[in-house]
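Notes follow once the structure below has been shown.
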Amino acid sequence: MIYKAGSYDVIVIGAGHAGCEAALAAARMGCKTLMVTMSMESIALMPCNPSIGGPGKAQVVREIDALGGEMGINVDKASVQMRIINTGKGPAVQALRAQADKDEYHKEMLKTLLDERNLDILVAEVEEIETSDSRVTGVITKTGAWFACKAVIITSGTYLKGRIIIGDLAFDGGPGNQFPSIKLSDSLQKLGLKMGRFKTGTPPRINKKSVDFSKMIEQPGDERSLRFSFVSPRMERPQLSCWLTHSTGITHQIVRDNLDRAPMFSGVIKGKGPRYCPSFEDKVVRFADKDSHQLFVEPEGRATDEMYIQGLNTSLPEDVQVQILKSVPGLENVRIMRTGYAIEYDYVVSSQLKLTLETIQVEGLFTAGQINGTSGYEEAAAQGLIAGINAALKVQEKEPLILKRSEAYIGVLIDDLVTKELDEPYRLLTSRAEYRLLLRQDNADLRLTETGYKIGLVNEERWHTYQEKLHILENERTTLKRTTFTPADKNIAEFLASKNSAVLRDRISLWEMLRRPELKIEDFVRLGLISDNDLDILEQLEIQTKYEGYISKQKEQVQRFEKMESRHIPDDINYDDVYGLSNEALQKLKQFRPHSIGQASRIAGVNLADINVLLIFFEKQRRK
Amino acid sequence: MFDDDIAAISTPPGEGGIAIIRLSGSEVIEKANRVFKPRRLGVDLTQKEGYSLTLGWIVDGEEFIDETLVSIMRAPRSYTGEDVVEINCHGGTLPARRCLETVLKTGVRIAEPGEFTRRAFLNGRLDASQAEAVIEIIRAKTDKGLSLALKQLSGKNSNHFHELEDSLISINAMVEASLDFPDEVGEPDYGEVKSMFASIIGKIDQILAAGKRAEIYREGISIAICGKPNVGKSSLLNALLKKDKAIVTNIPGTTRDIVEDFINVRGIPVRLMDTAGIRATEDVVERIGVERSHEVIQSADLVIFLLDIETGITEEDLAVYESIENRHVIVLVNKEDLEEKRISEAQLEDLFKEVKVIRGSVKEDIGLEELEASIENMVLSGEVQADDMEIMLNMRQKQALLKARKHIEDALFALEDVPLDCLGVDIWGALESLGEITGKNLKEEVLDRIFHDFCIGK
Ligand SMILES: Nc1nc2c(ncn2[C@@H]2O[C@H](COP(=O)(O)OP(=O)(O)OP(=O)(O)O)[C@@H](O)[C@H]2O)c(=O)[nH]1
Ligand SMILES: [Mg+2]
């Protein structure tokens with residue numbers, strides 16, 4: 001029996017990383033919001049690896065933070081280790097990575113959600129999205145509760161028709177032993193959404209007590225206190241180490257001997273898996289000449305014995321998993337705590353989305369996270385945030401928020417999603433960002449705090465702190481440019497000599513001197529030439545001086561890029577009316593419905609002549 | 001894309017006649033002015049009004065490329081509705097191409113097919129009813145350009161481009177894999193990166209040289225013979241032509257006008273020009289002849305400078321040499337058969353540093369073979385048939401290759417001083433430039449390569 005259970009502005013289905021950000025954003029922007037989850041335990045669950053950040057992803061977490069999202073703050077509360085990756089490879093790819101305590105991560109997020117005034121949580125399974133005139137009107141749960149709403153955000157991750165595969169065993173299920181969501185996928189299909197099927201996998205978890213760490217290499221965290229969020233307090237907390245070991249010739253032999261039992265190769269698994277995250281059996285087969293692969297053993301939390309084995313995701317039968325593990329140095333006496341598995345799931349083909357993450361077919365229906373064919377907690381959270389923001393803006397009848405490729409990884413991510421045809425789960429890489437040097441983790445706040453403030457997610461206090469930072473930066477920049485030295489300055493000459501740095505020939509400013517690769521800003525702080533500011537400020541100044549040339553090169557590229565992006569294509573364009581498009585372009589433009597000329601030019605199959613045709617069409621329309 | 005500065009040769013390619021280079025965009029007048037040397041001193045293109053004509057030279061630094069008539073049209077009263085410059089080149093296709101290349105060096109980019117027409121339409125210079133016609137023009141030009149480019153890239157030459165593409169993808173993959181998958185892929189070996197850069201530059205140079213060779217064999221070059229009167233210029237022309245085309249006497253000032261004919265030097269078509277001997281003179285006819293000599297010498301691809309061993313190096317010789325010093329020159333010391341030798345080896349070495357000097361005698365046919373060899377050597381930049389590559393490059397391809405090369409050079413230069421992500425800017429830039437030629441999205445191929453070459457995966 002269906003009954004009217006209530007009414008909300010925004011309903012979020014799913015409580016993973018996308019769902020949490022979406023619900024918080026909508027609620028904080030003043031929308032009456034309901035978050036529907038299949039269980040309280042699955043809120044902010046990390047069903048795969050226990051880490052957040054790394055190249056491309058750390059930048060996203062910082063962007064989420066600058067916009068007023070939660071992921072950065074939450075992982076700062078729940079981390080057991082922090083490290084900076086890629087330290088020697090330049091500012092654009094330096095990336096913070098945290099090992100998180102999964103349980104703490106869940107609990108801290110839950111606390112934040114419960115604290116939110118405008119947000120209700122409901123444990124239920126949504127089976128149907130209700131629409132009228134291709135517009136969302138409500139949702140109906142399995143148990144018959146009918147909620148009216150103005151916008152729905154689906155963030156159901158890999159739960160849609162989830163199917164777990166372990167060897168010859170296969171059963172319906174969601175990640176982390178949760179239930180799958182079967183009917184929702186059909187409901188989406190009924191609404192006209194095209195669905196695809198992907199696969200991903202996770203390694204077995206082992207009991208810490210059964211590991212011989214003396215045979216592994218310890219990987220401790222960084223000594224300094226690191227944080228994702230620009231507003232988290234700097235805290236020293238005890239860190240847990242990760243451990244490095246490796247597979248052996250015996251391991252690989254075991255895999256080869258059991259390939260006939262591997263669903264990857266027997267044809268049981270049909271969904272396409274990500275190339276950047278192949279199963280272990282895949283690695284052994286494809287890189288047959290390698291006699292060893294790295295394996296990282298990572299803690300899943302402080303209060304649990306469970307450890308995650310990065311590098312060993314597999315869907316081989318459980319007995320083979322045990323054999324494999326025991327052939328690894330340090331794991332001779334290992335005891336499994338959780339079996340590795342592959343999971344297949346339905347996803348929404350993302351070319352059906354607008355840059356706001358609203359579906360083209362159904363007004364008011366948004367999708368975010370793994371349901372859109374992406375992988376990764378960070379990618380999911382970013383989409384959740386953008387979908388939450390845009391759902392709220394839509395409810396409030398305000399202009400949508402679209403981040404450009406030139407201003408955020410989040411922009412790169414969403415633009416890629418809506419302009420590309422995915423043939424594997426999508427993961428962010430720094431190499432996907434053409435303006436990588438501008439989209440750094442260190443300057444995410446400079447890029448996006450103002451946007452976050454304007455939409456109302458960045459509060460006054462944070463805004464004030466940010467303004468202060470801007471002020472200090474500006475002052476310091478002026479000082480650096482004004483402070484100059486001549487070859488006659490003895491102290492400087494001595495200092496340069498001690499650093500093996502060339503002697504001065506002419507008067508030179510501190511700003512210019514900092515460009516020298518061998519000179520570090522801390523040296524100048526120690527000399528008393530630069531005031532001992534917060535680390536963030538010093539880092540910012542150093543990057544701005546050292547990489548000025550490359551940064552301005554990229555800024556020029558951005559100017560050219562943005563000219564194309566700013567030519568909008570009206571939503572109601574009928575491509576059949578456009579004279580002169582090639583057949584392929586016509587079909588692709590109808591499918592992707594790009595937002596701008598720039599986006600259209602990135603669609604495979606739309607070439608320069610087609611772009612010209614569009615430009616001429618718009619001009620003709622304008623003159624009418 | 002919308003209002004940046006563009007240029008292209010707007011007359012159909014063909015033999016002789018006048019070729020027009022059209023420029024359009026907000027800064028084209030200023031940029032054209034940078035490579036323009038007016039006939040009348042003090043004339044400045046940027047000060048000229050719309051629909052004006054100015055006579056002068058297109059110059060690349062010190063080098064005179066061609067004598068041109070430049071017309072200026074100011075926005076919005078021009079074909080495209082933007083500022084437009086049209087450079088009318090006298091010398092036909094080859095000099096026109098050189099002029100265009102010179103213009104491109106100022107930061108003007110080569111226009112896309114049909115781009116002038118599109119701009120004209122978008123800027124309201126063409127009637128709305130012409131929209132469909134405009135589209136037809138753009139489509140036709142794009143498709144034609146595409147099929148031509150594809151033809152050139154297929155078959156015998158394709159593997160040269162593929163090799164280049166392959167090394168660029170592979171170096172990109174190496175760098176990007178290290179940046180995005182630090183757990184699995186270590187830092188690239190800088191020694192290896194360096195040698196890869198060097199080999200990429202080598203490959204680009206090879207393709208460019210082959211393209212230039214093909215251009216030279218197809219279009220030919222012009223050579224001017226110059227020197228003071230009576231050094232044997234006309235004699236040399238006749239000897240190379242193997243016929244008595246020019247009048248030869250022992251009276252200085254015999255040749256009064258340009259005498260020209262076509263020959264073939266080792267397969268290269270050459271337009272050979274004999275000039276009036278250069279000297280100060282009161283004779284009106286001779287003076288005009290000398291003026292013409294100067295013009296011809298300035299626009300020739302190569303100048304053969306003759307000296308007379310009997311008279312020695314005189315003030316007149318020095319004056320002539322001063323005017324050709326910055327051009328491609330071969331010096332021929334003539335009349336070696338005579339007893340009286342007033343030019344010493346030391347003198348030559350002192351005067352002509354890094355310039356090819358040949359000693360010989362036109363009369364006795366000494367040194368002429370060496371002269372031909374030097375001509376070939378010089379126009380083919382010393383890379384005479386070092387390989388059997390046969391590549392015709394169009395202007396767009398050549399520009400794209402030059403851009404790619406510049407990126408790799410920058411990366412090589414910065415290699416030791418900047419981190420990998422900065423290097424990535426140029427390495428990626430090079431790949432993008434090459435993509436302009438092959439029309440492929442090489443970024444996706446880099447990803448494919450990463451997953452193929454490196455075992456990545458958590
Ligand atoms: N002995 C000797 N005489 C030469 C040689 N080459 C040219 N002559 C003579 O030099 C004289 C001038 O030759 P031209 O070829 O008319 O000289 P030119 O440089 O064209 O002179 P103008 O046209 O007057 O500038 C003629 O008498 C030639 O026979 C040579 O190699 N040896
Ligand atoms: Mg003569």
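Letters A, B, ... mirror the listed sequences (proteins, then strands); counts begin at 1. The shown structure was predicted, so the numbers you read here are calculated from the model rather than taken from an experiment.
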Stepwise, does the salt bridge (charged side-chain N to carboxylate O under 4.0 Å, His left out) test hold for K57(A) with D180(B)? CA-CA 10 Å; K57(A) 293 163 174 266; D180(B) 271 319; over 6 Å; no
Between the side chains of R432(A) and E176(B), is the shortest nitrogen-to-carboxylate-oxygen separation below 4.0 Å, so that they form an ion pair? no
Tell me, side chain or backbone of E416(B) under 4.5 Å from chain A's heavy atoms, or both, or neither? neither
Tell me, side chain or backbone of S178(B) under 4.5 Å from chain A's heavy atoms, or both, or neither? both
For K283(A) and E184(B), run salt bridge (charged side-chain N to carboxylate O under 4.0 Å, His left out): C-alpha distance rounded to whole Å, both residues' side-chain angles, the deciding distance at 0.1 Å, then the answer. CA-CA 13 Å; K283(A) 285 195 267 187; E184(B) 296 97 332; over 6 Å; no
Can you tell me which portion of D448(B) sits under 4.5 Å from chain A's heavy atoms? Options are side chain, backbone, both or neither. both
Check the pair D426(B) / K553(A) against salt bridge (charged side-chain N to carboxylate O under 4.0 Å, His left out), numbers first and verdict last. CA-CA 10 Å; D426(B) 278 315; K553(A) 228 184 202 179; 3.1 Å; yes
Ion pair present between R139(B) and D610(A), side-chain N to carboxylate O less than 4.0 angstrom? yes
Interface residues of residues 166-174 of chain B facing chain A - heavy atom cut-off under 4.5 Å: none
Examine whether an atom of E432(B) lies under 4.5 Å from a heavy atom of chain A, and if so say whether it belongs to the side chain, the backbone or both; otherwise answer neither. neither
One thing to verify: whether D3(B) and K563(A) come together as a salt bridge, which I'm taking to mean a side-chain N less than 4.0 angstrom from a carboxylate O. yes
Residue from P113(B), A414(B), C422(B) scoring the most non-hydrogen pairs under 4.5 Å with chain A is C422(B)
Non-hydrogen side-chain atoms of L179(B) and P55(A) separated by less than 4.5 Å: no
Out of K546(A), K620(A), R622(A), R567(A), which one racks up the most heavy-atom pairs below 4.5 Å with chain B? R567(A)
Heavy-atom cut-off 4.5 Å, strictly under: side chain, backbone, both or neither for F454(B) against chain A? backbone
I'd like to know if D183(B) and R97(A) make a salt bridge, using a cut-off of under 4.0 Å between side-chain N and carboxylate O. yes
Given that the side chain runs from C-beta out, which part of L126(B) has a heavy atom under 4.5 Å from chain A: side chain, backbone, both or neither? backbone
Turns out that what part of V175(B) lies under 4.5 Å from chain A's heavy atoms comes down to neither
